[in-house]
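Side-chain atoms are counted along with the backbone in the values below, which use heavy atoms only and exclude waters and symmetry mates. In listed order, ligands and their atoms are each counted from 1.
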Amino acid sequence: MATLTQDDVLSVLKRIAAPDGRGNVVSAGLVSDIAIKGGTVMFALTTTPQHVRTMEILRGAVEKAVLGIPGVEKAMVALTAERPPQQGKAPPPAQPGQAAPRGSGIPGIKHLVAVASGKGGVGKSTTAVNLALALQSLGLRVAVLDADVYGPSIPKLFGLTGKPEPSSAEGKKMKPMTRYGVEVMSIGFLVPEDTAMIWRGPMVMSALTQLLRDTEWGPADVMVIDMPPGTGDVQLTLAQQTPLSGAVIVSTPQDLALIDARKGLNMFKKVNVPVIGIVENMSYFVCTACGERHEIFGHGGAREEAARIGAPFLGEIPLDKEVRLRSDSGEPIVATLPDSLHAALYRDVARQVWASLEGGALARPAPRIVLESE
Ligand code: ADP
C-alpha cells in the first residue's frame, strides 16, 4: 500500500465545510500541522470556548472522515483553543525590568509557576516537564524545580543522573543540571533514589528554600515548580512562602480527582496565588486496536468544572502510551517528538500560560481567538 501522506489527509479535510459556512476546515485555517506515524493520523482543530459544542460535533465528523482514508488505522483529532503556531514565530522574549504581576524574588528568574494536583498519579510531573519544554520551544528561557520531595520524579523524566556540581563562583551554591536546554534542580539529585525520606513540614520548606536559593540559576523567563501532590499543610505553606506568579492545576476527568482539583484551587485562592488554569490529563484514550476513542474516566468534567468555578481551562491531554514510555525513559514527548499531537497540545497550554503571565490577565482567561462568523 502507498504510504499515507499529509496531502491524502488534507484532500479529505478540504471536503469538510467550516462551521461558518464559508470554505472548508483547511481554508478556514482550523487545522494544525498534521502528524502521521504509521497508520496513525494526529492533528488539532482550533476552537474557542464559546464554540466548543459545535466544534465537538465537527471533531467527530472529521475523525470519521479521516478514518475512512485507506491506510488510516487511527485518527486522533483534538480541539485546541488557539490557532496553530506559525512556524518560527516565538513570543517576544521577556524584557528585563518589564513589570510583572508578581516578581519571583529570585535573582534572574521572572516568573515562578507551580504545577499542582489534588492527589498523586494524575500526571502532574509529566505535565510539569512537558509544559516546561513547551515554554522553551516558544523561545523562552526555562528552569524546573522539583518540589515533590516525597517522590522526586523530575530527574527520571529528564533522564538526568549524577550530582550537581558546586558553583565555581560562589562556594556554597550548586549548579543546576541541564537537559534539553532546561535547567533542572531536584532533591532527587542529592539523596540516593531508594532512601526512604520522612519529611516534616518545616524540613520540606527549608530543603526547598535551599534548592531554590542556593542554586546558581541562569536567567529564566519561567521557572516551573513541580509541587508535591495534594493540598495539605506542606503544600499550603509552600504556595504561601514561594513567590509564585501563578499555578496550573492538573486533574484527570474522574470525579474524585476533580473534587481534589477543587481543593487545589481553594488552596491557591487562600494564599492569593492566581490560578492560571486547569489541564485535564488522561482525558481520553484512542484504542490502538479498534481506533475508537474511549473516555475511560468520563470526559469534559474538568472543562465544565473550570467554567463553573471561573478558572480558565487550558486544554486536555489524551492518555497515550507514547507519553508514558517517553516519560519513563527520560525522553519527554515535547522534546523528542515535537511534531506529535501531544507536543502541539502542550505547546497550546504553554502559550496560554505565557499569555496569562505576561498579559497581567491572571484573573481572566487567556485571550482567545474568536471565529468571526460562527
Ligand atoms: P504525578 O506527578 O501526578 O504523580 P506522573 O506525572 O508521575 O504523575 O504520572 C504518573 C504515570 O502516568 C507515569 O507513569 C506517567 O508516564 C503516566 N502518564 C502521565 N500522563 C500521561 C498521559 N497523558 N498518557 C499516558 N501516560 C501518562
Does a salt bridge link Glu322 with Lys37, judged by any charged N lying under 4.0 Å from a carboxylate O?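 Salt bridge: yes.
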Please answer whether the main-chain N or O of Ala239 pairs with a side-chain N or O of Thr242 as donor and acceptor at a distance below 3.5 Å.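 Not a single qualifying donor-acceptor pair exists.
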With no hydrogens and no angle check, is any side-chain donor or acceptor of Arg179 less than 3.5 Å from a backbone partner on Gly159?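 Looks like yes, one N/O pair under 3.5 Å.
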Have Thr336 and Glu331 got a donor and an acceptor in their side chains that come within less than 3.5 Å?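 Short answer, no.
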Between Ser125 and Asp226, do the side chains contain an N or O donor and an N or O acceptor separated by less than 3.5 Å?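 Side-chain D/A pair, Ser125 to Asp226: present.
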Taking distance alone, no hydrogens or angles, what donor-acceptor pairs closer than 3.5 Å link side-chain atoms of residues 338-346 to residues at least two apart or in another chain?
from	atom 1	to	atom 2	distance (Å)
Ser340	OG	Leu337	O	2.7
Ser340	OG	Ala343	N	3.2
His342	NE2	Pro318	O	3.1

If you look at each N/O of ligand 1, which protein N/O atoms lie under 3.5 Å away, and at what distance?
from	atom 1	to	atom 2	distance (Å)
ligand 1	2 (O)	Lys124	N	3.4
ligand 1	2 (O)	Ser125	N	2.8
ligand 1	2 (O)	Ser125	OG	2.9
ligand 1	3 (O)	Gly121	N	3.3
ligand 1	3 (O)	Val122	N	3.0
ligand 1	3 (O)	Gly123	N	2.9
ligand 1	3 (O)	Lys124	N	2.8
ligand 1	4 (O)	Gly121	N	2.9
ligand 1	6 (O)	Ser125	N	3.3
ligand 1	6 (O)	Thr126	N	2.8
ligand 1	6 (O)	Thr126	OG1	2.6
ligand 1	8 (O)	Gly123	N	3.0
ligand 1	20 (N)	Asn281	ND2	3.0
ligand 1	23 (N)	Asn281	OD1	3.0
ligand 1	23 (N)	Pro318	O	3.0
ligand 1	24 (N)	Asp320	N	2.9
ligand 1	24 (N)	Asp320	O	3.3

